[in-house]
Amino acid sequence: MLQLHGIRPYMKNFMQGRISWSFFICSMIERRANMDIEKIRHSLAHVMAEAVQHLFPGVKFGIGPAIDDGFYYDFLFPQPITNDDLSAIEKEMRRIIEKDQDFIRTEISKQEAQELFRDQPFKLELIEGLEEGKISIYKQGDFVDLCRGPHVESTKELKPSAFKLKTIAGAYWRGDESKPMLTRIYAYAFESKAKLEDYLHMLEEAERRDHRKLGKELDLFSTHEEAGPGLIYWHPKGGRFRVELENWWRDEHYKNGYEILFTPHIGKSWLWETSGHLGFYKANMYAPMKIDEDEYFIKPMNCPFHIMIYKTSSHSYRDLPLRWAELGTVYRYERSGVLHGLMRVRGFTQDDAHIICTPDQIEDEILEVLRFSLSMWKTLGFKEIKAYLATRPADSVGEPERWDQALVSLKKAIDKEGLLYEIDEGGGAFYGPKIDLKVKDAIGREWQMTTIQFDFNEPERFDMVFIDKDGKQKRPYMVHRALLGSLERFFGVFIEHYAGAFPVWLMPDQVAVIPVAPSFDAYAKTVAKFLQEKGIRAKAMLSEERMNAKIRDAQNQRIPYMAIVGQREQEGSLVSLRLRTGDQESGIPLEVFAARVLEKIDMKSLDL
RNA sequence: GCCCCUGUAGCUCAGUUGGCAGAGCAUAUCCAUGGUAAGGAUAAGGUCAACGGUUCGAUUCCGUUCGGGGGCUCCA
């Protein structure tokens, strides 16, 4: 039941999860600062609305809140606008700000509000939902908006250089597809010009690291519209990465007490009816195919298959815990508009596992999973990790005692590992609570990767049991977990985190041997072969290009080690090194170089 | 799916206010004796996403379809 791919692209909300309650008390200063910037952003939204009112008479207003990196306002324009109109709006906003207008708050009755906004259908709808006597309006210049506030005192507190209109986008009124589509104008806004510029630089950096761009440049993967969007083709270099990653993943799983399973890609409708997926997950499953007289579905999840294996024999409490892992490829329907490179796809391989255990093992098991996950993230070079604990929603299955015990074990595990965490009250799936881990990447973005989820649904539906000490049949606990999430999505995040310059052990090409002139091709080949025989991915660059061009090419490919060879090196069985960092070291004995590279590979070192 | 933007050579992009399509990189061939981020020349490479409409004529304008991008959670 893992919902690994239901994760929104990073630009949304990466500074903050959907959190209803925080364990951490912001200092008063921070809280004050947050309030100030919110006030500024929200006030700017009003200024934008005023500007739009000036430029597009007859426009209808939706809402205009502050958001993580600025603000937006939703409008219904009399005629469509284009990106070109943004600069005119921005200009008008600056003019308004210069006028030094006060924001004036007034409280009015519901009836007065309805009268005031009689031409504004969306405002009227909002007023409907408000209580009498608590209705406030804010006015600046000739613009009046229904608004709770607070706002800055005057437009003079707004800095014309610290905001920038971003894009126009469609957005349904109140996020509801059945309601009219409004035109949303997004803007960035910060306390100061410098902060805005920092943020814009971060966005540029993100663009530079974009995995779709690097995937093409580094020849790692592709997608093909004519063969089906949202389906990933791993090229030889992406394949090298994946094989290395999977090999390590398997080794680690065996070391951590897991067994590895392989299960089919399709299953009869019986399986999905029993699991309940045809009830609550059907919208994400592909249409069935008919084989003989039966309907088969392509799997969107691996769990029912693992349960089938569990049920091939009876299990004593002595057999538990079972830790069963699979790199299972699943297919899920995603609407075409949400597909995004490797991050949101229609077919992907989960690094899935199911832990089946007794009630008194559950705490240790959760702790083990968490530890395992953290150790993997450490090896992969992600240092900052935060946990999000999602608790029981209103509608749920499973006995309350189980939910409580599950939650306690999740909390204890987080505490023992000393992780920062936030609680998402009621945010769990109907079938169980979960911990999600978000990792922070090199430019500060958070990505949700690991998920550890209890499942109180399937063990019931499949009637999973074990025989306890007292000889009675009991229901085991089942936990789904994915550490990397999916290999596709992980690859995308990894590419962006390292901007393509992976640690040596995961680099498709580890060493480029570059002769300074064609007369040293033979020695270059010898060097490459020597390294290859030791298990290093080395290639001799023997084209007719000049050395400079080869270095540039290797550098662009982020190859960690460039071994430059010429007369001196050939005579002394040496190499001269250029690292992808630009550092140079000359006259290194070939043996010494090989040993160094092997050590970096074996240690999964993050440096060269 | 819906809104806006977008689709020209393998890649990155120009361009035609409607008149038989261009550059750089990559590729191929040739020349070039070269020490740490692109040596030079020549050639090959495109039904300008697909289909339909307007027009003497469409890659260009219009429509539809199929992709790609940004959004569609933030509640006055």
Side-chain angles (χ1 to χ4, degrees), chain A residues 8-9 11-13 16-18 38 41-42 45-46 61-74 77 80-85 113 117 120 122-130 134-138 145-149 166-186 210 212-213 216-217 219 222-230 333-341 514-520 543-556 562-569 576-580 582-586:
Chain A
R8 292 173 185 280
M11 272 311 151
K12 297 172 179 180
N13 218 12
Q16 182 191 349
R18 281 162 291 158
E38 295 243 320
R41 286 173 176 157
H42 187 50
H46 278 226
F61 297 98
I63 58 167
I67 53 176
D68 291 341
D69 58 2
F71 60 91
Y72 69 76
Y73 210 114
D74 287 342
F77 285 98
I81 66 160
T82 67
N83 283 312
D84 298 337
D85 294 313
F117 293 103
Q120 292 293 338
F122 304 112
K123 297 294 176 190
L124 286 176
E125 194 180 322
L126 293 170
I127 291 165
E128 276 305 302
L130 295 178
K134 293 195 173 170
I135 296 178
S136 60
I137 56 171
Y138 275 82
D145 203 355
L146 180 70
C147 183
R148 179 171 51 199
K166 176 169 56 165
T167 51
I168 60 181
Y172 297 104
W173 170 238
R174 306 198 130 182
D176 183 340
E177 289 181 29
S178 67
K179 304 233 163 106
M181 164 89 44
L182 308 182
T183 303
R184 175 171 298 179
I185 302 180
Y186 278 102
D210 190 310
R212 293 164 302 180
K213 188 166 155 260
K216 220 177 253 179
E217 282 173 21
D219 199 14
S222 58
T223 57
H224 301 271
E225 57 172 277
E226 65 276 33
Y333 175 70
E334 296 282 359
R335 293 186 299 173
S336 60
V338 305
L339 298 175
H340 180 88
I514 300 174
V516 302
S519 48
F520 304 106
S543 72
E544 295 188 354
E545 292 298 327
R546 297 178 65 222
M547 177 195 67
N548 284 341
K550 291 175 188 174
I551 288 174
R552 183 169 190 276
D553 187 39
Q555 193 76 47
N556 285 336
M562 281 158 263
I564 315 288
V565 296
Q567 188 68 41
R568 294 194 295 274
E569 289 77 14
S576 284
L577 276 189
R578 180 194 165 96
L579 308 182
R580 70 181 167 203
D583 293 346
Q584 292 177 30
E585 302 169 32
S586 58

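We name chains A, B, ... by the order of the sequence lines, and we start the count at 1 in each one. Everything numeric in this text was worked out from a predicted model, so none of it was measured.
- In terms of the side chain to side chain contact (heavy atoms under 4.5 Å, CB included) criterion, residue partners of A/L130 (sequence neighbours excluded) are, by chain and number, A/I135, A/L146.
- The separation of B/A23 from B/A44, taken at their P atoms, amounts to 12 Å, rounded to a whole angstrom.
- Going from atom CG of A/D210 over to atom P of B/U12 covers 12 Å, rounded to whole Å.
- Note on A/R184: every side-chain N or O is 4.0 Å or more away from OP1 and OP2 of B/U73.
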Open item on the list: Strictly under 4.0 angstrom, non-hydrogen atoms only: write out the protein contact profile of nucleotides 35-43 of chain B, one letter per nucleotide from the 5' end, B, S or -.
Closed with: BBBBB----

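- Under a 3.5 Å cut-off, the side chain of A/R41 and the backbone N or O of A/D68 do form a donor-acceptor pair.
- In this structure, OH of A/Y72 is placed 5 Å from P of B/C74, rounded to the nearest angstrom.
- Nearest heavy atom pair, residue A/A66 against residue A/H42, reads CB-N, 4.1 Å.
- Looking only at side-chain heavy atoms (C-beta outward), A/N556 and A/E217 stay at 4.5 Å or farther from each other.
- Across all strands shown, A/K123 has heavy atoms under 4.0 Å from sugar-phosphate atoms exclusively, and none from any base.
- B/C72 atom P lies 18 Å from atom OH of A/Y73, rounded to whole Å.
- Distance, A/I185 CD1 to B/C72 P: 15 Å, rounded to whole Å.
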Could you write out each protein N or O paired with an N or O of nucleotides 6-8 of chain B at a distance under 3.5 Å?
none

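- Side-chain atoms of A/A171 lie closest to B/C72 of the nucleotides B/C75, B/C72, B/G69.
- Using a 4.0 Å heavy-atom cutoff across all strands shown, A/K216 reaches sugar-phosphate atoms only and no base atom.
- To the nearest whole angstrom, the two C1' atoms, one in B/G46 and one in B/G15, are 14 Å apart.
- Scored by the side-chain hydrogen bond (donor to acceptor under 3.5 Å, both in side chains) test, A/R578 finds A/Q555 as partners (sequence neighbours excluded).
- Following rounding to the nearest Å, A/Y186 (OH) and B/C4 (P) show an atom-to-atom distance of 16 Å.
- The gap from the C1' atom of B/A50 to that of B/G7 amounts to 11 Å, rounded to the nearest Å.
- Residue contacts for A/I135: at a heavy-atom cut-off of 4.0 Å it reaches a base atom on one of the strands shown.
- Remark: the backbone N or O of A/G230 is not paired with any side-chain donor or acceptor of A/T223 at under 3.5 angstrom.
- Ring orientation note: the planes of A/F122 and A/W173 are tilted relative to one another, at an angle of 30° to 60°.
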- [ ] Could you provide the dot-bracket string of RNA chain B, using ( ) for intrastrand pairs, [ ] for crossing pairs and | for bases paired to another strand, with Watson-Crick or G-U pairs below 3.5 Å?
- [x] (((((((..((((.....[..)))).(((((.......))))).....(((((..]....))))))))))))....

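- Of the two residues near RNA chain B, A/L126 and A/P518, the one whose nearest nucleotide lies more 5' is A/P518.
- The C1' atoms of B/G34 and B/G39 are separated by 9 Å, rounded to the nearest whole Å.
- Using a 4.0 Å cut-off between charged nitrogen and carboxylate oxygen, A/D176 and A/K179 count as a salt-bridge pair.
- Here the side chain of A/K550 pairs no donor or acceptor atom with the backbone of A/P515 at under 3.5 angstrom.
- Here the side chain of A/I168 is nearest to one of B/C75, B/C4, B/G69, namely B/C4.
- On the P atoms, B/U60 is 24 Å away from B/G1, given to the nearest whole Å.
- The gap from the C1' atom of B/C3 to that of B/U17 amounts to 30 Å, rounded to the nearest Å.
- Interface remark: the A/Y172 side chain does not form any donor-acceptor pair with the B/G71 base, using a distance-only criterion of under 3.5 Å.
- B/C51 and B/U47 have their P atoms separated by 12 Å, with the value rounded to a whole Å.
- The side chain of A/H340 contributes no N or O atom lying less than 4.0 Å from OP1 or OP2 of B/G71.
- Across the C1' atoms, B/G63 and B/U27 are found 39 Å apart, a figure rounded to whole Å.
- The two atoms that bring A/V516 and A/G566 nearest to each other are CG2-CA, 3.7 Å, heavy atoms only.
- Within 4.0 Å (heavy atoms only), A/I127 reaches no atom of the nucleic acid at all.
- The distance from atom CD of A/E334 to atom P of B/C72 is 15 Å, rounded to the nearest whole Å.
- Here the closest non-hydrogen pair linking A/G64 and A/A45 is O-CB, 3.3 Å.
- The distance between atom CZ of A/F71 and atom C1' of B/U73, rounded to the nearest whole Å, is 19 Å.
- Remark: A/I67 pairs with A/D69, A/Y72, A/Y186 by the side chain to side chain contact (heavy atoms under 4.5 Å, CB included) rule, at least two apart or across chains.
- Pairing each heavy atom of A/A171 with each of A/M181, the nearest pair is N-SD, 3.2 Å.
- A donor-acceptor pair is defined here as one N or O able to donate and one able to accept, closer than 3.5 Å; no such pair exists between the side chain of A/K166 and the backbone of A/I185.
- Taking atom CG on A/D219 and atom C1' on B/A26, their separation rounds to 12 Å, with Å as the unit.
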